[in-house]
Amino acid sequence: MATVQTLTRRFEQVFEPQQAVVLAESITEAYNDLVKTSDFNELKAIVKSLAEAQSRTEMRMEELAEAQQRTEMRVDELAQAQQRTEIHVGELTQAQQRLDVRMEELAQAQQRTEVRMEELAHVVADMGRNLGGLSKSMAYSLENEAYRSLPAFLREHYGITLSERIIRTQISEEEVNFFALGERNGEPICLVGESKLQLDERRRNFREAETILTQIERKVEAVQPLYPDRAIVRLLVTHYARPAVVDFMEKNDVLVVQTFEW
């Protein structure tokens, strides 16, 4: 841009000097008030940058709005999940309460069962005592019947003649169910016997027979020292014994007499 002086000299060629000065100054002032091209380009760049920033801001705001929407959806899902969880917890609580009630019922039932079992134990104990008493009663009945029937039976089948009646006695702390003195074919004997309601062991199981045999032998050992000059006749009286058991006892020198035989 030319200075005021330069413009004045140019205008003096056409205008009056005073007019040239005023015109030069006016043009200079007007030019100074105008925006320079470089400034305008810079302003355009700034405006463009601001527009781009605004666009990015709007895009970011849109992204934030979408994120906010997704967040709200997620929060809503979480709220629904929380509601379902609370419902499930409520159901579990009710189930636990029902289970507690059931456990209490079972505990009471168990208590009643224990009471019943105790009652049954008393009943079984009473039955055991009654059966024990019945068994003893039947054993005594068997022995009483034998006391009457054995003398004639032994004389007829085994040639044993008793010089006194058969008794139940205790010798050296051993209870002897059948005891009597007599003779067999002129030889003095001592009758030592035991009773057993029945010997019905199967499959050649002789445990009970062996127990009876042991009992008889203990009684024989108690009696023999008192009657050293007499032969001991071992006797077992029973209602019934299986043939195998009879053979087993006879092989061990024990007479087996069954009640149906007399």
Next on the checklist: Could you check whether atom CD of Q108 has more than 12 heavy atoms from other residues, nucleotides or ligands sitting under 6.0 Å from it?
Outcome noted: yes
Checklist entry - Do the non-hydrogen side-chain atoms of F206 and V245 ever get within less than 4.5 Å of each other? => result yes
Checklist entry - Could you give all pairs that pass the ring pair (Phe, Tyr, Trp, His ring centres under 6.0 Å) test and reach residues 74-95, with sequence neighbours left out? => result none
Checklist outcome for this item: The residue among L235, I232, V233 that forms side chain to side chain contact (heavy atoms under 4.5 Å, CB included) with V192 is I232
Checklist entry - Is the closest side-chain donor-acceptor distance between E145 and W262 under 3.5 Å? => result yes
Checklist entry - Side chains of V254 and I216: does their closest heavy-atom pair fall under 4.5 Å? => result yes
Checklist entry - Would you say E173 has more than 12 foreign heavy atoms packed within less than 6.0 Å of its CD? => result no
Next on the checklist: Could you measure the distance from the CD atom of E261 to the OG atom of S149? Nearest 0.5 Å is fine.
Outcome noted: 12.0 Å
Next on the checklist: Any non-hydrogen side-chain atom of L226 less than 4.5 Å from a side-chain atom of I171?
Outcome noted: yes
Item to check | Side-chain ion pair, R60 and E63, N-O less than 4.0 Å | outcome: yes
Item to check | ring pair (Phe, Tyr, Trp, His ring centres under 6.0 Å) contacts in which one or both residues fall within residues 167-197, not counting sequence neighbours | outcome: Y147-F178, F179-Y227
Item to check | Note, F248 side chain near E210 side chain (heavy atom, < 4.5 Å) | outcome: yes
Next on the checklist: How about CD on E164, more than 12 heavy atoms from neighbouring residues, nucleotides or ligands closer than 6.0 Å, or not?
Outcome noted: yes
Checklist entry - Counting heavy atoms not belonging to E72, are there more than 12 under 6.0 Å from its CD? => result yes
Checklist entry - Does a side chain donor of either S195 or E143 reach within less than 3.5 Å of an acceptor in the other side chain? => result yes
Item to check | Approximate separation, where rounding is to 0.5 Å, of L213 CG and M249 CE | outcome: 5.0 Å
Checklist entry - Should we count CD of Q18 as having more than 12 external heavy atoms under 6.0 Å? => result no
Item to check | From NZ (K219) to OG1 (T214), nearest 0.5 Å | outcome: 11.5 Å
Item to check | Distance (rounded to the nearest 0.5 Å) between L181 CG and R165 CZ | outcome: 12.5 Å
Next on the checklist: Under the criterion side chain to side chain contact (heavy atoms under 4.5 Å, CB included), I'd like the reasoning laid out for L120 against M117: C-alpha separation, chi angles, the key distance, then a yes or no.
Outcome noted: CA-CA 5 Å; L120 287 175; M117 288 298 293; 4.2 Å; yes
Item to check | Among R98, R102, Q96, side-chain hydrogen bond (donor to acceptor under 3.5 Å, both in side chains) partner for D100 | outcome: Q96
Item to check | Exceeds 12 heavy-atom contacts within 6.0 angstrom, atom CD of E77 | outcome: yes
Item to check | Note, Q110 side chain near E114 side chain (heavy atom, < 4.5 Å) | outcome: yes
Checklist entry - Out of curiosity, R184 CZ to L191 CG, how far, rounded to the nearest 0.5 Å? => result 10.0 Å
Next on the checklist: Under the criterion side chain to side chain contact (heavy atoms under 4.5 Å, CB included), I'd like the reasoning laid out for Y158 against L255: C-alpha separation, chi angles, the key distance, then a yes or no.
Outcome noted: CA-CA 9 Å; Y158 295 99; L255 297 180; 3.6 Å; yes
